[in-house]
Amino acid sequence: MKLKKFCRSTSGNFLTTFAIASPVLLGVAGLALDVSTYVSQQSLMQETADTAVLAAIREAAVAGWDTTVATTVVEEFIASQLEDASFANTDYTDIVKVDPVLSRIKVTIQQNGHGYLLLSLWKNNPQIEVSAEAQVASSANICVLTLNENKGSTLKITGKSTITGQDCGVFGNSADKAAMEVEDKATLTAQVVCTAGGYSGPNASYNPDPVTDCPTIPDPLASRAPPPVGSCDYYDTDLKGSITLNPGVYCGGIKAGGNSKVTLNPGIYVIKDGEFTFTGNATLEGENVGIYITGSTAKVAFDNSTTISLTAPKSGSMAGILFFEDRNSPDGREFEISSKDARQLLGTIYFPKGFLSVKGNSKFADASAWTAIIATEIRVENGPSLVLNSDYKASDIPVPAGISAETGKISLIK
């Protein structure tokens, strides 16, 4: 009877059940607290790593790529953000790796010795490890950038042709194993030569040797708005003799040949649905002018006996840009400059959908304070000598953001 009475007692059953279950309940509660703390700490550590690596790389871009300096910056961030009273007995260590060639810094933060209720029983040090990596899109001024990331050669220099980047870098985004080709006694010289893929041709043709597997560089002009295009001001402009043109929309293009001498007044010239072509001994000159190419039939071609001398606008939608191809253009159009004299090309040549072809045994851009070429692909053949300067202080033509190393884009690598 007593046994039956005991079994029927709900209060006794409850106490017994509670006594048996309480350790389990406490364990579950402790584990839940541990997980909550762990997730919170991991999030805070990742945020700290992201912030610290961005601060370190900004410092490196100004003060130099020194591991000791970068580590000091990172440790200051750890001290300010992770020394919370509730984690006073927790040890945080950092690992800082600096890559000056690729303009990268990687920060790893480890948590050791935090007194979790249960996780510490099986979670060895490091209990938490997070990392963040950042890069400067370019630690050198950009004098050449090929944008095409698809496989294939996007920079090809042949036949005794040369490209010389004065205090600036040559960069290629193609991942092809022969993304850069320098052959047939051609040479490529720059402050840095960096390709997302590989290269072909003898090492003696490159100075310095190319750095391979570089991060791709986003188009620095991608956010640059094109100039407005209104209705046609001129139609099928075919020039002879000496003539001065005014800015406007030139539908059907502009052509000049023979011994024509064409002077462009300052401003923006929109070449719409036609060619901007100079043949024979024609000469083109203009100060503070921008040429915008739009329409499926628009192109640029300067024959090998022509002379060209241009400087980009100082202000407005094309400030610092000499040639600007409409981003809605068809892929792969050729823009050819084979002039016997194209020594003054001060500004940016920007063909985001087409490719630039430079031909002829002549000098190109060497008399310009600075010149930058950004195109899908670039071909240099038959012996021209491209000298691309980056003496930005020698000119009042503004350098577009992202071309100068001082305005290089800093970003986290995901």
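Note that the numbering runs from 1 along the sequence shown for the chain. Note: hydrogens, waters and symmetry copies are ignored here, and every other heavy atom, side chains too, is used.
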Task: Side chains of Tyr269 and Phe276 in contact at under 4.5 Å (non-hydrogen atoms) - done: no
Task: Side chain to side chain, Tyr199 and Val182, heavy atoms closer than 4.5 Å - done: no
TODO: Measure from the side-chain N and O atoms of Asp341 to the backbone N and O of Thr307, and report whether any donor-acceptor pair falls under 3.5 Å.
DONE: no
TODO: To the nearest 0.5 Å, tell me how far Thr48 OG1 sits from Ile109 CD1.
DONE: 5.5 Å
- [ ] Determine, stepwise, if the pair Ile291 / Leu310 fulfils side chain to side chain contact (heavy atoms under 4.5 Å, CB included).
- [x] CA-CA 10 Å; Ile291 299 165; Leu310 298 172; 4.1 Å; yes
Open item on the list: Just verifying a value: how many Å separate Thr237 OG1 and Ile243 CD1, rounded to the nearest 0.5 Å?
Closed with: 8.5 Å
- [ ] Mark yes when over 12 heavy atoms from residues, nucleotides or ligands other than Glu275 sit less than 6.0 Å from its CD; otherwise mark no.
- [x] yes
TODO: Might you point out which heavy atoms bring Ala312 and Ile397 nearest each other, and give the distance in Å?
DONE: O-CD1, 3.1 Å
Open item on the list: Parallel, tilted or perpendicular, judged at 30° and 60°: which one describes the rings of Phe278 and Phe302?
Closed with: parallel
- [ ] State, to 0.1 Å, how close Glu377 and Ser153 come at their nearest heavy-atom pair, and which atoms those are.
- [x] OE1-O, 3.9 Å
Open item on the list: Restricting to non-hydrogen atoms, name the atom on Ser231 and the atom on Val249 that form the minimum distance, rounded to 0.1 Å.
Closed with: O-CB, 3.5 Å
- [ ] Evaluate side chain to side chain contact (heavy atoms under 4.5 Å, CB included) for Asp167 paired with Tyr392, printing each intermediate quantity in order.
- [x] CA-CA 11 Å; Asp167 296 320; Tyr392 304 136; over 6 Å; no
Open item on the list: So Phe171 and Cys214, do their side chains get closer than 4.5 Å, heavy atoms only?
Closed with: no
Open item on the list: Assess the residue pair Leu346 and Trp370 against the criterion (side chain to side chain contact (heavy atoms under 4.5 Å, CB included)); give the C-alpha distance rounded to whole Å, side-chain angles, the decisive distance to 0.1 Å, and a yes or no.
Closed with: CA-CA 6 Å; Leu346 201 168; Trp370 67 270; 3.5 Å; yes
Task: Backbone of Pro226 reached by a side-chain donor or acceptor of Arg327 within 3.5 Å - done: no
- [ ] Dump the intermediate steps for side chain to side chain donor-acceptor pair (under 3.5 Å) on Thr93 and Gln110, then the final yes or no.
- [x] CA-CA 5 Å; Thr93 59; Gln110 298 174 335; 3.2 Å; yes
- [ ] Count the heavy atoms belonging to other residues, nucleotides or ligands that lie under 6.0 Å from NZ of Lys353, then report whether that count exceeds 12.
- [x] yes
Task: Val96 vs Ile105 side-chain heavy atoms within contact, under 4.5 Å - done: yes
TODO: Give me the ring orientation class for Tyr292 and Phe324: parallel if the planes are under 30° apart, tilted from 30 to 60°, perpendicular past 60°.
DONE: perpendicular
Task: Taking every non-hydrogen atom, the tightest pair across Gly159 and Ala186 - done: N-CB, 4.4 Å
Task: The single option from Thr189, Leu188, Thr164, Thr187 passing side chain to side chain contact (heavy atoms under 4.5 Å, CB included) against Asn207 - done: Thr189
TODO: Assess whether side chain to side chain contact (heavy atoms under 4.5 Å, CB included) is satisfied between Tyr234 and Leu245, documenting all intermediate values.
DONE: CA-CA 10 Å; Tyr234 308 95; Leu245 299 181; over 6 Å; no
Open item on the list: Taking the side chain as everything from C-beta on, heavy atoms only, tell me whether Val262 gets closer than 4.5 Å to Ile254.
Closed with: no
Task: Check: Asn389 side chain, Asp366 main-chain N or O, donor-acceptor pair, under 3.5 Å - done: yes
Open item on the list: I'd like to know if the side chain of Asn304 and the backbone of Lys359 have a donor-acceptor N/O pair within less than 3.5 Å.
Closed with: no
Open item on the list: So does Pro352 get a backbone contact from the side chain of Thr376, meaning a donor-acceptor N/O pair under 3.5 Å?
Closed with: yes
Open item on the list: I want to check something: taking the side chain as every heavy atom from C-beta on, are Asn246 and Asp233 in contact at a cut-off of under 4.5 Å?
Closed with: no
- [ ] State the CD-CD distance between Gln111 and Gln41, to the nearest 0.5 angstrom.
- [x] 5.0 Å
Open item on the list: If I take atom CG from residue Leu264 and atom CG from residue Leu284, how far apart are they, to the nearest 0.5 angstrom?
Closed with: 5.0 Å
TODO: Look only at the side chain of Gln46 and the backbone of Ser131, and say whether a donor-acceptor pair between them is shorter than 3.5 Å.
DONE: yes
Task: Phe351 side chain near Arg333 side chain, heavy-atom distance below 4.5 Å - done: no
Task: Main-chain N/O of Ser40 paired to Ser43 side chain as donor or acceptor, under 3.5 Å - done: no
TODO: Taking all non-hydrogen atoms of both residues into account, name the closest pair between Ala298 and Ile293 and its distance.
DONE: CB-CG2, 3.4 Å
Open item on the list: Keeping Glu325 on the side-chain end and Gly354 on the backbone end, is there a donor-acceptor pair under 3.5 Å?
Closed with: yes
Open item on the list: Looking at Leu345, is its backbone amide N or carbonyl O close enough to the side chain of Thr371 to form a donor-acceptor pair, meaning the two atoms are under 3.5 Å apart?
Closed with: yes
Task: Distance-only polar pair, side chains of Tyr350 and Asp219, donor-acceptor under 3.5 Å - done: yes
Task: Ser161 side-chain N/O to Ile157 backbone N/O, donor-acceptor pair under 3.5 Å - done: no
Task: Over all atoms of both residues, closest heavy-atom pair of Tyr206 and Ser200 - done: OH-O, 2.6 Å
Open item on the list: Side chains of Glu336 and Ser357 only: does a donor on one sit below 3.5 Å from an acceptor on the other?
Closed with: no
Task: SB check Lys255 Asp238 (cutoff 4.0 Å) - done: no
TODO: Would you kindly say whether Thr162 and Ser385 are connected by a side-chain donor-acceptor distance under 3.5 Å?
DONE: yes
Task: Short side-chain donor-acceptor distance under 3.5 Å, Thr306 and Ser339 - done: yes
Open item on the list: Do Asp50 and Glu47 have side chains that approach each other closer than 4.5 Å (heavy atoms only, starting at C-beta)?
Closed with: no
Task: Distance, nearest 0.5 Å, that separates CD1 of Ile268 from CG of Asn288 - done: 11.5 Å
Open item on the list: Does either side chain, that of Ser174 or that of Thr154, offer a donor lying less than 3.5 Å from an acceptor on the other one?
Closed with: no
Open item on the list: For the CG atom of Leu386 and the CD1 atom of Ile378, what is their distance to the nearest 0.5 Å?
Closed with: 8.5 Å
